[in-house]
K.L.:
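Please find one structure pasted underneath; my questions will follow.
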Amino acid sequence: MNYSKMERTNIYFISDCHFGVPDYEKSLTREKEFVQWLEEIKHNAKAVYLLGDIFDFWFEYKYVVPKGYVRLLGKLAELSDMGVEIHYFTGNHDMWVFDYFTKELRAKIYRKPQEFTFGKKSFLIGHGDGLGPGDHKYKFIKSIFANRICQKLFAWLHPWIGIGLANFFSRKSRLANQINDKISKGEEKEYIIQFIKSSLVSKHHDYFIFGHRHLTFDMKIQNSRYINLGEWVHERNYAVFDGQELYFVKYNSLKSN
């Protein structure tokens, strides 16, 4: 995807909002703030890239989606109707996004890291889960969750049961990992960093942008720049590319960017 021939406007990247946790009230407050941010950027945004785990849990039944999030979905629909591109990378908490966002928001859905070219810069973008060496237990679990047969079996559960069970285990996983998520394992044990180094052996990208870790990174790897967006639960981080430069920003004011 090459935007070099288009009018130069901002491209935004955000990840790991985990809407739905830790409870309804706090999630709603965070959702309203996120919608405010979308309102502020909508007039200079060419595209918004949602890099996964926007929801702490999401599963689309054939005729049912999780209730709530109407402010967020309405604002994304507004941006889409204005011509802003919505790109959605599924994460480990919302991998069961199917066609709802495509139909309602005209969003493009990705399940693996994707290459893009914006202006004269090359990007590799993804959620970040399951990349690099190791983490075999998670990769095995993910293969089960991504299996079409397993998804159909889960869909047979009544939403009251299926969504209730999924929310229980999702919160349990988040609580179990929230401390480890904030600790760097060191460059040699950070799987995404190892993935980037391996990728650069065969192909150069100017920028690598991921989420998943809940830990911010803004570092140079060889001649490339790696940004991990962290999360929107506590830190309110995002990145914006203006056609020439990539900026890593903490949202903390009403001023438009």
K.L.:
Once you round to the nearest 0.5 Å, how far does CD1 of I109 lie from CZ of F101?
P.N.:
7.0 Å
K.L.:
Compute the ring centroids of F208 and Y226, then answer whether they are less than 6.0 Å apart.
P.N.:
no
K.L.:
Can you find a pair of side-chain heavy atoms, one from P66 and one from F55, that are under 4.5 Å apart?
P.N.:
no
K.L.:
Under a 4.0 Å threshold between the charged nitrogen and the carboxylate oxygen, would R225 count as salt-bridged to D206?
P.N.:
no
K.L.:
Using every non-hydrogen atom in the two residues, find where I14 and I54 come nearest and quote the distance to one decimal.
P.N.:
O-CD1, 4.4 Å
K.L.:
Check the pair R30, E33 against salt bridge (charged side-chain N to carboxylate O under 4.0 Å, His left out), reporting the backbone distance first and the verdict last.
P.N.:
CA-CA 5 Å; R30 200 164 71 251; E33 188 174 9; over 6 Å; no
K.L.:
Run the side chain to side chain contact (heavy atoms under 4.5 Å, CB included) check on R106 and I86 step by step: do they pass?
P.N.:
CA-CA 7 Å; R106 291 182 294 181; I86 308 297; over 6 Å; no
K.L.:
Using 0.5 Å steps for rounding, measure from the CD atom of E190 to the CG atom of L215.
P.N.:
6.5 Å
K.L.:
Examine distances only and state if a side-chain atom of D99 and a backbone atom of T102 form a donor-acceptor pair shorter than 3.5 Å.
P.N.:
no
K.L.:
So if I apply the side chain to side chain contact (heavy atoms under 4.5 Å, CB included) rule between N237 and each of I227, N228, D16, T216, which one comes out positive?
P.N.:
T216
K.L.:
Flag the pair D53 / D94 as yes when at least one side-chain heavy-atom distance between them is below 4.5 Å, and no otherwise.
P.N.:
yes
K.L.:
Quick one: do E235 and K250 make a salt bridge, cutoff under 4.0 Å?
P.N.:
no
K.L.:
Closest heavy-atom contact between S15 and G211?
P.N.:
OG-CA, 3.5 Å
K.L.:
Would you please indicate if the ring centroids of W58 and Y88 are separated by under 6.0 Å?
P.N.:
no
K.L.:
Check whether any side-chain heavy atom of L79 sits under 4.5 Å from a side-chain heavy atom of V48, and report yes or no.
P.N.:
yes
K.L.:
Please test Q222 against H204 for side chain to side chain contact (heavy atoms under 4.5 Å, CB included), starting from the C-alpha separation and ending with a verdict.
P.N.:
CA-CA 10 Å; Q222 298 179 28; H204 172 77; over 6 Å; no
K.L.:
Report yes if the side chains of H234 and H214 come closer than 4.5 Å at any heavy-atom pair, otherwise no.
P.N.:
no
K.L.:
Step by step, work out the side chain to side chain contact (heavy atoms under 4.5 Å, CB included) result for R213 and I192.
P.N.:
CA-CA 9 Å; R213 277 293 282 120; I192 297 177; 4.0 Å; yes
K.L.:
If every non-hydrogen atom of K42 is compared with every non-hydrogen atom of K75, which pair is closest and at what distance?
P.N.:
NZ-NZ, 4.3 Å
K.L.:
Among F123, F248, Y12, Y247, find the residue that satisfies the ring-ring contact (aromatic ring centres under 6.0 Å, His included) test when tested with F241.
P.N.:
F123
K.L.:
Judged by atom type as modelled, is there a donor-acceptor pair below 3.5 Å linking the side chain of R236 to the main-chain atoms of V233?
P.N.:
yes
K.L.:
So does E31 get a backbone contact from the side chain of R71, meaning a donor-acceptor N/O pair under 3.5 Å?
P.N.:
no
K.L.:
Can you label the angle between the Y110 ring and the H87 ring as parallel, tilted or perpendicular, going by 30° and 60°?
P.N.:
parallel
K.L.:
Could you tell me the separation between the CG atom of L28 and the CG atom of D23, rounded to the nearest 0.5 Å?
P.N.:
10.0 Å
K.L.:
Say you draw a straight line from CG of L229 to NE2 of H212; how long is it, rounded to the nearest 0.5 Å?
P.N.:
13.5 Å
K.L.:
Specify the closest pair of heavy atoms between S27 and G20, including all atoms of both residues, with the distance to one decimal.
P.N.:
OG-N, 2.7 Å
K.L.:
Within a strict 4.5 Å, meaning less than it, do heavy atoms of the F89 and L51 side chains meet?
P.N.:
yes
K.L.:
Name the orientation class of the two ring planes belonging to Y238 and W232 (parallel below 30°, tilted from 30 to 60°, perpendicular beyond 60°).
P.N.:
tilted
K.L.:
Checking F34 against F19 for the ring-ring contact (aromatic ring centres under 6.0 Å, His included) test, could you report, in this order, the C-alpha distance in whole Å, the side-chain angles of both residues, the deciding distance, and whether it holds?
P.N.:
CA-CA 10 Å; F34 187 80; F19 291 123; 5.6 Å; yes
K.L.:
Mind running side chain to side chain contact (heavy atoms under 4.5 Å, CB included) on V65 and E60 for me, showing each step along the way?
P.N.:
CA-CA 5 Å; V65 296; E60 294 174 22; 4.1 Å; yes
K.L.:
Does the side chain of L124 come within less than 4.5 Å of I196's, by heavy atoms?
P.N.:
no
K.L.:
Main chain of F195, side chain of S199: is a donor-acceptor contact present, judged purely on distance under 3.5 Å?
P.N.:
yes
K.L.:
So how far is it from F210 CZ to H127 NE2, rounded to the nearest 0.5 Å?
P.N.:
11.0 Å
K.L.:
Please round to the nearest 0.5 Å and tell me the distance separating atom SG of C17 and atom CG of L50.
P.N.:
7.5 Å
K.L.:
Could you go through the ring-ring contact (aromatic ring centres under 6.0 Å, His included) check for Y49 and F116 one step at a time?
P.N.:
CA-CA 12 Å; Y49 283 73; F116 299 87; 5.3 Å; yes
K.L.:
Ignoring hydrogens, what is the shortest heavy-atom contact between I221 and L200? Give both atom names and the distance.
P.N.:
O-CD1, 3.8 Å
